[in-house]
Amino acid sequence: MALYSEKVMDHFTHPRNVGIIEDADGVGEIGNAKCGDIMKMYLKVEDNVITDVKFETFGCGSAIATSSMATEMIKGKSIDEALRLTNKAVAEALDGLPAHKMHCSVLAEEAIKAAVKDYYDRNGIAYDKRQFPDEDCPHCHE
Ligand code: FES
């Protein structure tokens with residue numbers, strides 16, 4: 001069996017939603033504790049719905065593919081739905097990732113959460129701090 005699924009290869013070679021949103025409502029930047037790679041996520045939010053999302057990354061192919069898929073999965077969804085998106089759900093939507101690349105998929109999940117937190121902070125929206133990982137979250141070390 002090939003190391004990477006066709007979906008992973010498709011999203012890696014034709015990533016969706018790459019770029020910057022200049023007037024983003026929330027921006028999240030996350031570093032991967034395991035490899036040092038970086039992900040930046042931009043959100044446009046209207047009436048609690050993510051109307052646009054873009055990402056930039058200094059990450060590997062798996063980080064690009066998972067971020068591409070993750071942006072497709074949260075576009076048009078409510079913030080609450082986006083916060084429930086897990087890296088495992090993204091990996092499943094890509095028909096799986098090799099076990100040693102699962103840590104790459106954490107970047108997208110964490111960057112989305114960081115962007116939502118930034119949106120909340122900018123708008124003075126109260127939230128439960130436990131919803132958001134601190135920099136030393138346990139699964140960054142998986
Ligand atoms: Fe760093 Fe994949 S090796 S994100």
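Predicted model, so just to flag it, every value in this text is computed and none were measured. Whatever order the structure lists them in is the order used to number ligands and atoms, beginning at 1.
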Practice task
For the residue pair Glu22 and Tyr42, confirm or rule out a side-chain donor-acceptor distance under 3.5 Å.
Solution key: no
Exercise for the section: Would you check if there is a donor-acceptor pair between the side chains of Asp95 and Ser5 at a distance under 3.5 Å? Expected result: no
Practice task
Would you indicate whether the side-chain heavy atoms of Val27 and Lys40 approach each other to under 4.5 Å?
Solution key: yes
Practice task
Using the six-membered ring wherever Trp is involved, compare the ring planes of Tyr127 and Tyr120 and label them parallel, tilted or perpendicular (cut-offs 30° and 60°).
Solution key: parallel
Handout entry: Expected output: side-chain Asn32 to main-chain His103 donor-acceptor under 3.5 Å
Key = yes
Handout entry: Polar side-chain atom of Lys44 near backbone of Asp23 as donor-acceptor pair, under 3.5 Å
Key = yes
Handout entry: Under 2.8 Å from atom 2 (Fe) of ligand 1, the protein N, O or S atoms, given as residue and atom
Key = Cys60 SG, Cys104 SG
